[in-house]
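Proteins get letters first, then strands, A, B, ... in listed order; numbering begins at 1 in each.
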Amino acid sequence: MDHLEDLRHSPYGRGDDNANVWLALGVGALLGAAGLAWYTQQSRRERARRPGDSAPGRTARQSRFGRYAVTGRTVTIAKPKDELYAFWRDFSNLPKFMENVLSVTTAGDVTRWEIAGPAGRSVHVETRVIEDRAGEQIAWRATESSQIDTEGKVMFRDAPGGRGTEVEAIVAYRPPAGELGRWIAKLFQREPAIQGRRELKRLKMLMETGEIATSELHKSAA
Amino acid sequence: MRALTWHGKHDVRVDTVDDPSIINPRDAIIEVTSTAICGSDLHLYDGVIPGMTSGDILGHEFMGRVVDTGPKSTLKKGDRVVVPFTISCGSCFFCQKQLYSACDNSNPVANQDITENLYGHSVSGLFGYSHLTGGYPGGQAEYVRVPFSDVGPIVIPDGMDDDTVLFLSDILPTGWMAAANCDIEEGDTVAVWGCGPVGLFAIQSALVMGAHQVIAIDHYPNRLALARKLGAKVIDYTQTHVLEALMEMSGGIGPDAVIDAVGMESHGFAPDNILDNIKQQVGFGADAGHALREALMAVRKGGRVSIPGVYGGFLDKFPLGALMEKGLQVRTGQTHVQKYIKELLKRIQDGELDTTFMISHRLPLEEAPRGYDNFANNQNDWTKVVLKPGTAGV
Ligand SMILES: [Zn+2]
Ligand SMILES: [Zn+2]
């Protein structure tokens, strides 16, 4: 389950690294996978003959790497990276901008995420921080007992020209089997990029303006 | 409260709806004293803007009195304010560059998806202008919730009549920015398509900015008369070959700058990647972007093209060749109201700009549907309608 470690080279790797990254991601194996459209195969064969480009691996014309689905997004926030890092590192802040996350509690080195599910049910994800560099990066990985197998990381980099901080979040996950799996697939796979970008946009609003935009007429009764 | 609500093509009604209240810390609640029907409201009325829901409150040109404030608002209860139609946070990358109508933080995130897909980037929030721009309840109502009230609204000194300052909310800065986008130089001829309210303010602004002459193009006699009164020369396109006339009136050079103050009403959306249920609202007008094409043909080589007119989708047979081969510059966009509003208030106070000449009708809010009907169908005489909530009739 070192897929995100492998990915480390790709999402933010540059240029020539990418050829190796493609191999590391098991793209070759995917070629034989059932269900891939002819077009995808063709373009991948084509791509195999091409030098790598500078784009993050996750922006490739595929969203699964091996058994894992990967999504990520970058947003520039007009705040210093230390402030943004500190806000994120206090995981109890995350439900403020993550729509589906009901609560985040930390006990020892294990963080427990309660994620809203259908029909009032919720699913629990347990993660451990696997890397923590103040002001720069936080990475986490699911524990063995977590209901979802997932890894993620968020990186904070100074943006050019005094624009603040580039915040890049990337999440890889392997949907489990069964009913839970079908629900999670629905939650994440249908529009994973949309989920990710909405959450980062809410974070940006909260940090830059102190509030999250709404067009409601008044506070909802709930 | 009472509010003008949209229920479908050519179906607007004054309904009783919930009062707004403070939600976010920077909000204020405004009791509306004056609100106008805009030419761009007619795009909604005609059903050519997607992302409308039955019951949406229209209106983006409004002013009134502050009746409630959130803890982070800088307004005080009782302040008289004009509210920009663009909702802007004041602190994002775009607001810092004074590109207020490109604000990243005012359109609720779920509403950003459509324009992110349609345009490549999401657009900012606007009052009363479809769910593409946030689904914010508009100002043709007794009360409005105004987000970021510490950035947008401008406080109006007592003693200035509503009618003299109301248009700071949209059409005056929009006309002004349209002229500013022409980078007017000494000796310039500026041609303006459309003598609606924005076109008329663009004409007035271009003359204030020192244009040698402004030539206005329309076909409504009354609107052309208003343009002439401002000091413009006029062309009635039903009587005259516009391109020939513009060449002859500019010494065979062509206008140095052109302004399309007509917009999309003549072309509608192409429905490529718009949802199916939106497609049903899509209209395809007969004129098909004629004003913009003609403007691109008319403007001199190396000239400037300013587009304040509203477009939302795709335009067929766009004369890209004329654009490239003549080396034209195009500038457009929703108005950065907050950038211009203070300066324009001063120009009104100094008597430099006349802001009331185009108002043809003042109606109580309850008569708003009649205002829409006439503004849409009787354009010669109904040049600008101002609604007065809280009055029984004027
Ligand atoms: Zn308007
Ligand atoms: Zn902003």
Side-chain angles (χ1 to χ4, degrees), chain A residues 59 71-81 83-84 87 94-101 116 157-167 169 187 190-222, chain B residues 1 3 17-27 29 53 55-57 68 70-72 87-97 103-114 116-117 122 124-131 133-138 141 143-145 147-148 150-151:
Chain A
T59 61
T71 183
R73 177 87 172 186
T74 304
V75 66
T76 297
I77 301 180
K79 288 285 176 185
K81 64 180 184 178
E83 184 180 336
L84 298 173
F87 185 82
L94 302 182
K96 292 178 185 168
F97 64 92
M98 292 184 172
E99 201 170 34
N100 296 312
V101 177
R157 290 184 298 268
D158 286 329
R163 295 180 183 198
T165 305
E166 289 180 7
V167 180
L187 183 67
R190 196 177 44 185
E191 295 170 327
I194 290 178
Q195 280 293 343
R197 81 189 185 203
R198 284 184 178 181
E199 286 175 352
L200 287 180
K201 281 176 175 180
R202 273 191 221 99
L203 172 67
K204 178 179 164 71
M205 286 176 173
L206 192 58
M207 300 311 292
E208 289 185 343
T209 76
E211 55 190 57
I212 293 174
T214 172
S215 56
E216 294 299 311
L217 256 183
H218 46 72
K219 281 199 168 109
S220 62
Chain B
M1 66 170 178
V17 301
D18 287 350
D19 283 356
S21 62
I22 301 285
I23 299 177
N24 276 330
R26 295 166 66 181
D27 289 354
I29 305 295
T53 303
D56 283 350
I57 302 172
D68 200 4
K72 294 267 175 66
I87 305 172
S88 311
C89 79
S91 46
C92 71
F93 173 77
F94 298 99
C95 288
Q96 296 275 301
K97 287 186 169 309
C103 178
D104 259 344
N105 292 327
S106 59
N107 195 346
V109 291
N111 297 77
Q112 294 188 16
D113 293 339
I114 302 176
E116 185 152 340
N117 291 331
S122 59
S124 77
L126 307 177
F127 287 103
Y129 213 74
S130 93
H131 292 258
T133 57
Y136 282 95
Y143 298 94
V144 185
R145 175 184 155 251
F148 303 128
D150 53 326
V151 174

Discussion item. Among B/I57, B/V109, B/I22, B/I29, which residue has the highest count of heavy-atom pairs closer than 4.5 Å to chain A?
Written reply: B/V109
Fill in: Selection from B/G90, B/P147, B/G135 maximising heavy-atom pairs under 4.5 Å formed with chain A
B/G135
Worksheet item: In terms of heavy-atom proximity below 4.5 Å to chain B, should A/I77 be classed as side chain, backbone, both, or neither?
Response: neither
Worksheet item: Side chain, backbone, both or neither: which part of B/I87 has an atom under 4.5 Å from a heavy atom of chain A?
Response: neither
Discussion item. For B/F93, give me all partners under ring-ring contact (aromatic ring centres under 6.0 Å, His included), at least two apart in sequence or on another chain.
Written reply: none
Worksheet item: Going from CD1 on B/I23 to CD1 on A/I212, what distance comes out if it is rounded to the nearest 0.5 angstrom?
Response: 12.5 Å
Between chain A and chain B, are any donor-acceptor pairs under 3.5 Å, and how far apart is each one to 0.1 Å?
| from | atom 1 | to | atom 2 | distance (Å) |
| --- | --- | --- | --- | --- |
| A/R73 | NH1 | B/E116 | OE2 | 3.3 |
| A/R73 | NH2 | B/E116 | OE2 | 3.0 |
| A/R197 | NH1 | B/E116 | OE2 | 3.4 |
| A/R197 | NH2 | B/D113 | OD1 | 3.1 |
| A/R198 | NE | B/D113 | OD2 | 2.9 |
| A/R198 | NH2 | B/D113 | OD2 | 2.3 |
| A/K201 | NZ | B/Q112 | OE1 | 2.6 |
| A/K201 | NZ | B/E116 | OE1 | 2.5 |
| A/E208 | O | B/S91 | OG | 2.9 |
| A/E208 | OE1 | B/N105 | ND2 | 2.7 |
| A/T209 | O | B/R26 | NH1 | 3.1 |
| A/E211 | OE1 | B/R26 | N | 3.0 |
| A/I212 | O | B/N24 | ND2 | 3.0 |
| A/T214 | O | B/R145 | NH1 | 2.9 |
| A/T214 | O | B/R145 | NH2 | 3.3 |
| A/S215 | OG | B/G134 | O | 2.7 |
| A/E216 | O | B/R145 | NH1 | 3.0 |
| A/L217 | O | B/S21 | N | 2.9 |
| A/H218 | NE2 | B/D18 | OD2 | 3.0 |

